[in-house]
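A, B, ... follow the sequence lines: proteins, then strands. Residue 1 opens every chain.
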Number of protein chains: 2
Amino acid sequence: MATPKLPKYVYYFGGKKAEGKADMKSLLGGKGANLAEMVNIGLPVPAGFTITTEVCTYYYKNGQKYPKSLEKEIKDSLKKVETEMGAKFGDTKNPLLVSVRSGARASMPGMMDTILNLGLNDVTVEAMIKKTNNPRFAYDSYRRFVQMYGDVVLGLRPMDKHATDPFEEIIEMKKEQKKVKLDTELTAEDLKDLVAKFKAQIKKITGHDFPDNPMDQLWGAVGAVFSSWMNDRAKVYRKLNNIPEEWGTAVNVQSMVFGNMGEDSGTGVAFTRDAASGENIFYGEYLFNAQGEDVVAGVRTPHPISELKKDNKKIYGQLDDFRKKLELHYKDMMDIEFTIQQGKLWMLQCRVGKRTGFAAVRIAVDMVREKLISKEEALLRIEPNQLNQLLRPIFDPKEKQKAIAEGRYLTKGLNAGPGAASGKIAFSAQDAEEMAAKGHNVILVRNETSPEDIKGMSAAQGILTAKGGMTSHAALVARQMGKVCVAGCGALKIDYKKGIMTVDGKDIVIKEGENLSVDGTTGEVIYGEIKTQPSEVIKVLITKEMDEKDSKIYKTFKDLMVWADKAKKLGVRTNADQPDQASNAIAFGAEGIGLCRTEHMFFGGERITAVREMILSETLESRKNALAKLLPLQRDDFAGIFKVMEGRPVTIRTLDPPLHEFLPTNEKEVAEVAKELKVAPKKVTEKMAALHELNPMLGFRGCRLGIKYPEITEMQARAIFEAAVDVSKSGIKVKPEIMIPLVGNVNELKMQANIVNSVAAEVFAEKKKKVDYLVGTMIELPRAALTADEIAEVAQFFSFGTNDLTQTTLGLSRDDSASFLPAYVEKEIIPSDPFETIDQNGVGQLVEIGTSKGRSVNPDLKVGICGEHGGDPESVEFCHRTGLNYVSCSPFRVPIAKLAAARAALKDQLKPSAKKKSPKKK
Amino acid sequence: MATPKLPKYVYYFGGKKAEGKADMKSLLGGKGANLAEMVNIGLPVPAGFTITTEVCTYYYKNGQKYPKSLEKEIKDSLKKVETEMGAKFGDTKNPLLVSVRSGARASMPGMMDTILNLGLNDVTVEAMIKKTNNPRFAYDSYRRFVQMYGDVVLGLRPMDKHATDPFEEIIEMKKEQKKVKLDTELTAEDLKDLVAKFKAQIKKITGHDFPDNPMDQLWGAVGAVFSSWMNDRAKVYRKLNNIPEEWGTAVNVQSMVFGNMGEDSGTGVAFTRDAASGENIFYGEYLFNAQGEDVVAGVRTPHPISELKKDNKKIYGQLDDFRKKLELHYKDMMDIEFTIQQGKLWMLQCRVGKRTGFAAVRIAVDMVREKLISKEEALLRIEPNQLNQLLRPIFDPKEKQKAIAEGRYLTKGLNAGPGAASGKIAFSAQDAEEMAAKGHNVILVRNETSPEDIKGMSAAQGILTAKGGMTSHAALVARQMGKVCVAGCGALKIDYKKGIMTVDGKDIVIKEGENLSVDGTTGEVIYGEIKTQPSEVIKVLITKEMDEKDSKIYKTFKDLMVWADKAKKLGVRTNADQPDQASNAIAFGAEGIGLCRTEHMFFGGERITAVREMILSETLESRKNALAKLLPLQRDDFAGIFKVMEGRPVTIRTLDPPLHEFLPTNEKEVAEVAKELKVAPKKVTEKMAALHELNPMLGFRGCRLGIKYPEITEMQARAIFEAAVDVSKSGIKVKPEIMIPLVGNVNELKMQANIVNSVAAEVFAEKKKKVDYLVGTMIELPRAALTADEIAEVAQFFSFGTNDLTQTTLGLSRDDSASFLPAYVEKEIIPSDPFETIDQNGVGQLVEIGTSKGRSVNPDLKVGICGEHGGDPESVEFCHRTGLNYVSCSPFRVPIAKLAAARAALKDQLKPSAKKKSPKKK
C-alpha cells in the first residue's frame, strides 16, 4: 500500500517562483491565486504564502480545529519568506512584518479584510525605529496594527455603525488633550501613548492582555479570517449570490512593504483601462509617502496616475510595463494595487476590474479589435443587463456636469432601477398621484415603500428610498414597473410631517414640490431638475443620425450585436402593437413581431365607441354592425405593421382582455357613453355590473370571448387577411401568424382556427390572391401545457405567455402580489421575482412539458415565448436550453435578449457534455 | 388460400331457437339480442330476424349502399319466419305482416322507432279481412301503417312539434264530416277512405306513389332506420352520452301479432318489480282488445296487472312464470312488453328496467338477499348518484299525495337538481333576492337563466325554467350550488310583464308571490306549498329513531354501505368545521375529517371583533393581543371536534381566505366596527382599500398570511395542540393533522411547519403530555404539484385541493365562470363542469404528477383530496385509479363517495389486466 500523499495546505509565493497559479482560485482564493500568478510572470511581489480554502473547510468540519500538518507548513513557508525578504518574523533587529488578508474564490463583502503590520510589539517596534530611523512612522504603524487587531481579531469594533469605536474615542481624547485637529499632528510620543492606552482598553474589555508574541498574533489573525467566513453578513451575502458555504476562504500572509517611508515611497491603485468609459488609457491614482488606506480615505487628495510620468518617470515606466504585461497575460482589464518602498515598486494585488456597462462593452469590443480576445469571449464578458446602460434614458451629460459643478450633488444610494428621472418631490403616494394627475413629473421619496404605495409608485417617474436594499419592496416593484429607482439612500432624513428632507453632511432643506433628479444607473441623487434624453445608442438607432462620439459608441454596440447574431441560436422578436413601435424594434434588431396585441388598437376616438357599441349590443346583428365599424380601422393598423415589417413574421393575437376594460369607470363617463350611443345610462351601468368579475384574470377573456362571440374573431381575421392581401399585392411580403389567446382545451383552438381559416378562404377568394399564414396559440394556462400534445395537433405554433402562466401556475396575481412578494424575496422563500425571471422549477417545467409534448406530435412546431421574461437574460438562457425557437420582448430589450441568447449558445459549446437541444431557426 | 368466411348479416329468431343471444348486443342491438335470448330460454316470441349493426356501419362506409349478400340473407330469413308463423309475406290469402324497429346497443331516443303492420296493401288488406272477419280492424291497421310509413319513412312528420301532422289533419276533417269525436267511432269504410286520402296526400307531397309492394315497403323501412342513425337528434344524443358513431344500429323485422283481435286479445307492459319503490311485486298495466300504443297513449285507462289474475288466470299464470323465468335468467328487474292474440301470449320485448334511485338500491339489495346476485354485483348495479334520492330532502309524502289528490299537480320537467323545494314564486333574480332577504323561501321561475341571475339563484330554494336541458345554464349552476332545479318545463308560459305564469292544459293563472313546489328528483311541479323533510335514511341516520317503513329503507341502505366499506380501497372522509357537522358525518360513515376550515370559526360575535382587531393592528404586539382573544375560542372548537371524532384523523387547515373577507362591506358596518374597536371609521375604510385585490383568488391568502404574520399560525397551532392534549388527557384519542394551505414552494411549508412544530413542542412541555400529529399541505397550485418531490421532503401528507387547483390549472374563476362555462358545456368544448367532475386530462395530470413525485421521495406519503370532487362518483373513481389514500367530501355525499369507491375497486377486479395502483388504507 502506498502511503497517501499528505494534503498541501500552504502555498508559498515570492521571488521568481510561486507554488500556486491563477487557475487555482478555488484552492487559493482570488487574491492568493493572482499574487502567485504575478510572481510567475515576473512581477515584483512581496513574498508571502496562502493558507488554502481546504483549511477553512477542515476547520469547520472538525470543531474549529486546524489540520495537524498546518503549523509545520506555515513555519516552513515563513522561513522561505524570511529568506526572500532578508528579515525575520519577531526578530529584535530586523523584524519581518506581515499583512493577513482573507481571500475567497469570489470577492465577498462582510468578510474580515486586512490586518497590517502584524509582528509588531514593544520590542520589534524599537528595531523598526532603528531600521528606519523614523519613530513616528514606527509608532504610527504599531498604533494602526493594535487598533486593527483589536477591532477585527479581538472583536472590539462596534456592531452598530453609529456607535463609536473605543479606539477612536481614545484618539479623539488625545487630540483634544493635545489641542490638534488631525491624526498627523500627533507625535511619536503621542502615538506610543495611544498604543499603551489601546492595550489597556483591550485588557479592560476582553480581560486578556494584547498578544505580544508575533506567532500568537499570526494565529489569532488566521483564526479571525476563518471565523469571519461564518459571520451573519457573509452568510447573507453568500445566500444572495449563490455562493456555497463549502467553498471556504483562503488566508494570505504577506510581507509588509511601506509606501509611507518617505518621499521615495508611495502607494496607488489603478485600472489598466478606464473602468467608467472603457477607454484604453491607464487610469488610477497615487500618493507619495502614504499607505494604501490614505488613497481611499480621502484625507489627502491623490494624484491622477498620468502625473506619475512627470513625478517619477522610472516608476511610471515600470508600472506601465506591468500594466501591459498584465493585460497581455490576463487578456482583461485589471484592477491593481501597488506600493513604492524607498524607490522600489511592489505589486500588492491584481484582479479583474469591475466596470460600468459602457466600459464592459467598450473593453470587450476593443480587445477583440486588439486581437487580445475572440468575439465569443467578448460576448461572454458582458452581462446582458449591462447593455441597459447603453439603452436606458440618461441625463443630458452637460446639464448633469453643470449640476454637479454647482454643488447640487446630494448623495448616492443603491442603483436599484436603471435609467434617469427628474421631477417634483412627493413624500406620499397620494401626493404623487395628485401631482402626476396635474401633469407633473414626480419623484416619490419615502423611507420605505409598502403595498399601499403602489399607485403612487406607478404615477411617479422615479422612486427614492432612505432604507431597504436591492431586494426591498421599492426596488422590486420599481424594476417590475420599469421605474427609475435609487434605494437605501442612508444619508436621507425625511420629515413627513413638515414635508421636508435633509441630507447628512449637506446644509440644505429640501421641500415637497421642489425638483430632484435620480440616476438609477449610478445611484446618484442630485438636487434640482436635469433634462433626460435617450442614450447615444438609442438616439442613433432611432434617428439614424450621429455625431462623432455617438458614432464610436454606436459602432461598438453594432459590432457586438453582429457577433451576437452570429453566435445565437434563438430568434429574437419583439412585442409591438403599432407601426412606429415595429419600426423602432427593427432598428433594435428585432427579427419579427412575437406579440401584436390587437386590443391596444381598440382604444381612442371612434374605435372605443364602436367597441362599446359592440359590448352593449344585445343581438348578433347589432354586434356585427358595431364590428363592421372597427373592421377598416383594424385593417389599416395591420397593413401599417405588415409594411414596416417587410416580410418578417408578425404574430397577431386576437382580442384578449375582459370586455369590462373597455367600459367607462365613473359616472361622468357613463353619461357620455350613454349619450354617444343613444342608450339609457342605466343600460351602461347594468352592463358594467354584468361584466364585473371577482377574478377577471380567471374570467371571461382570451379565446373565451371569441367562443361566445365568434363574430369578433371573424372581424379580426378579416382585417388581418384583407390587410395581408392588400400589402402583398403592393409587392411587400407578409407573414401573418394568428395567435389565439388563453386556450386551455384543444376544442377552443379548433373552433377559433376554423373561423380564421374560413375567413381566410373567403378573403382570398374575394381578392383573388392568397398569402401564407399560420394559426397557433398562446400557451398561458397550465392545462394548455399539460395537454400540449392535443393542442399541437391543431396549432401551427406555440407562444408561451409566461406572464399569465406564472400567475396561474403560482396562483399569484401580478397586480396584487406587491403586498407579500417583496417579503418572500427578502425571506428568501423565492430567489427572485417570478415575473422578472422565469420560475424555472415551476413555470419552467410547464414550458418544458408543453414544448416536448407539442413537438412529440408535431416535430416542426415553432415554439416561442412572449411576455417580459423574453427580455430577461436568465430566462432567455432557459429558453435556449429548453430548445425554443424564439423569444419576444419589448423593443428596448431586444439587444439584451440577443446578447443573452448568444451567451447561452456559447456556454453550450463550452460544455460539450451537457445535454443540448439545439433549436431550429425559423 | 382459404376462402374468407362471408360475414353473416342477418340473424333469425323464432320457435325454439334463435341464431343470436343476449351477449350479442353489439352486433344485434339490445332489442334484437334480447328477442333472441327470450326464444332461447323458451319464451314465445313472434318469429323474425335482426339485420346486424355491421350492415349500418357498411352502409355509411360505402356511400349508403348495402352489402351484396344482404338481400339473399333477408329472403332466406323471411322464409324461415313464414314457415314458423304459417303465413307468407305479401300473400294474397294468408299474408304475413311484420314490424320494423331500430335497435342500437344502447336505447336511443331520436332514432326511428317503429313501423307496424308492414306488408299491407290494397290486396293483402282484403286477405286480412277474410282471415279475421273484421274489416274495421283490417282497415284500422292499414290506416295506421300508411300513416306511420308516411310520417317516418317518407318524412311527412313535421319537424316542429307544434305544426300539424298532415295525416292528423285529414283525420280531423273526416271526423268533422262524420260528426264524431273519437277515432274509434270511424267505420271501416271511413278508414278505407282515409287510407286513400293518405296515399293521395303522400303522392302530392313527395311526388311518388305509396309503395304497395311489401318488399319495397320492407327495404324502405330498413333504409329509414339506418338513415335515422344519422339524424340530428340521434347525433346530439350520442354525443351527450358518449356513444360512438361506429356502433351503428341494428334493424329488427318481426312478425306482427295483434292485441286488438277481439276480447280474447290484449296487450300490456310490465316491470318484474316495482320500478319506483323496488318492491318485489309484479307491476304493470294491460288492456284487452288493444294495440301497444293504446296502453301508452292514455285514451283508454289500462288495468293494473294484478287484475289480470282475475280476468284471465291462465294468461296471468303464464306471464308470472315468464316474469320469474326472466328474473332468474337475467338476474335483474326486467321491463317487458307482451301481446295476447286470440288467447295466445306472445312476448314482444324484454330489457333491463329503468328504475328510481330508491328502486335501484332496494332491488339490488333484495336480489342479494334472494341470492340472485352477489354483493359485488349489487354494488355495481347502483349508480352512486342514485343514492341522492335516499339522502336529499323530500316532500312530506302525505302532503304531496294530498296536493296531487287536490289536483295541484301542474306539469313535469327535467329533474336537473335533485331534492324538494317549496316557496314563493319570483320571476326575476332581483325579486328572488328581495323576497329571500325578507325571510321567504323562494322558487325562481324563469324561461331561462343567465349569468346575471346568479345572485337570485343563490338566494332561491329552487329553480324552475321553461326552456333548456340538463346542461342548460340553470341546470349546471343549480347543481353547482346544490339547488333544487326542474329545467326545460315546456308547458310553462311566463308573462314577466304581468308577473304571472300559466301551464299548458291547465286552467290556472299563477301569480308572483304564490307558493309553488318543485321536486328536482322527479321533475314534478306542484302548485302551492308542500312541507319538505329529510329523507327516511337521513332521518334515521341523524335521529337514530325509525318507524317500520323507515327501518326497511334504512336497513337496505345500511347493508349496502357495509358491503361498500368491505369492497372499497379508498378512505372516505368528510369536510366538517363544527362538532355537530362532524357528528352527522360520522353517522353518514365518514372515517375522519379531511378538511376542517378554521376560518368558519372566525365569524360571529366576539370572534369577528377580535379578528377585525387583529387585521387593523399596526404592530406585532397589538396583533398578538387580538389573537390571544381568539385562542381560547379556537381551542374550544377543536376540542369539541376531537371529542366527537374519537380518535379518527382530523385534518385542520390553517387560516386560508383573504383578510378582506372578514372586514365589513358597507358604510353602516364600517361605522359599527369603528365604534366597537374604538378607531376612526377612516382607518377601517383605509384598511379595506389596502386589502382590496383585483384577483383575490390569486392574492394575499393561504399560507401567505402565515408567512407575513407568523403569529396567526402560532395562535392556531397553539389552539390545536392545547385542545389535543386536553382531550387526550380525558382519555379520548386524538389524531390532528395540520394542513398548510396554498403552498407553492417548499420553503413556505418549511417556515410554517417550523412554527407548528415549535408550538407543539412548547405546548407538550407546558402540559407535560405529547400527542401524535402530522404536518402536511394542500396541493392546490400547479406549482405545488410540479414540485411535489421537493414539498414531500417536508410534508407528511398531501391533500389535493382540486377546487382551487381547477381554478388555476384552467385559469377559470369559479365565481365568474357562469358567464361562459354553460356555453362551453353546451358547445361540447368540455364534457362537463370541471368544478363538478374533475378534469382528468388537465387537473388530473397534476394530481397524478403530484402523487407520483411526492411518493418518489416519501413512499408512505398519505395522499387525499378535499373539495367537492371528493363526492363526485367519476372523480372518486379517478382518485382510486390514481392510488390516493382517501377522498373527503361534504357529509351528505359520504355514502355516494363510498359506493363510488367500492365500484371503482370492483371494476379494477373485473379488469385484471388494467394497471393498478392499489392505495393503502391509512
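Between A:Arg704 and B:Ile829, the closest side-chain pair of non-hydrogen atoms is not below 4.5 Å. Side chains of A:Leu698 and B:Asn695 form no contact here, defined as non-hydrogen atoms less than 4.5 Å apart.
No part of B:Glu780 comes within reach of chain A, as not one of its non-hydrogen atoms sits under 4.5 angstrom from that chain.
Closest approach of A:Tyr824 to B:Cys703, counting heavy atoms only: OH-SG, 4.2 Å. Taking both residues in full, the closest heavy atoms of A:Leu694 and B:Asp816 are given as N-OD1, 2.9 Å, listed atom of the first, atom of the second, then distance.
Note that CG of B:Leu786 and CG of A:Leu810 are 10.0 Å apart. Values are rounded to the nearest 0.5 Å. Here the straight-line distance linking atom CD of B:Gln845 with atom CD1 of A:Ile849 works out to 7.5 Å at 0.5 Å rounding. Taking OG1 of A:Thr808 as the reference point, atom CE of B:Met697 lies at 11.0 Å (rounded to 0.5 Å). Note: B:Asn841 CG to A:Arg783 CZ = 5.0 Å, rounded to the nearest 0.5 Å.
Contacts with chain A were tallied for B:Gly702, B:Gly811, B:Gly842, B:Gly699; B:Gly811 has the most, counting heavy-atom pairs under 4.5 Å. Chosen from B:Asn747, B:Leu846, B:Thr787, the residue pairing most often with chain A at heavy-atom distances under 4.5 Å is B:Asn747. Taking B:Leu781, B:Val843, B:Leu812 one by one and counting their heavy-atom pairs under 4.5 Å with chain A, the maximum is reached by B:Leu812.
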Listed pairs under 3.5 Å, donor-acceptor, residues 653-663 of chain B side chains, sequence neighbours left out:
residue	atom	partner	partner atom	Å
B:Arg653	NH2	B:Glu599	OE2	2.8
B:Asp656	OD2	B:Arg701	NH2	3.4

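Listed by chain and number, the residues in a side-chain contact (heavy atoms from CB on, under 4.5 Å) with A:Ala792 are A:Phe798, A:Val857, A:Asn858, A:Leu861 (sequence neighbours excluded). Every residue two or more places apart in sequence or in another chain was checked for a side-chain contact (heavy atoms from CB on, under 4.5 Å) with A:Asn754, and none qualifies.
Chain B is approached within less than 4.5 Å, heavy atom to heavy atom, by A:Gln807 from residues 799-807 of chain A, ordered by number.
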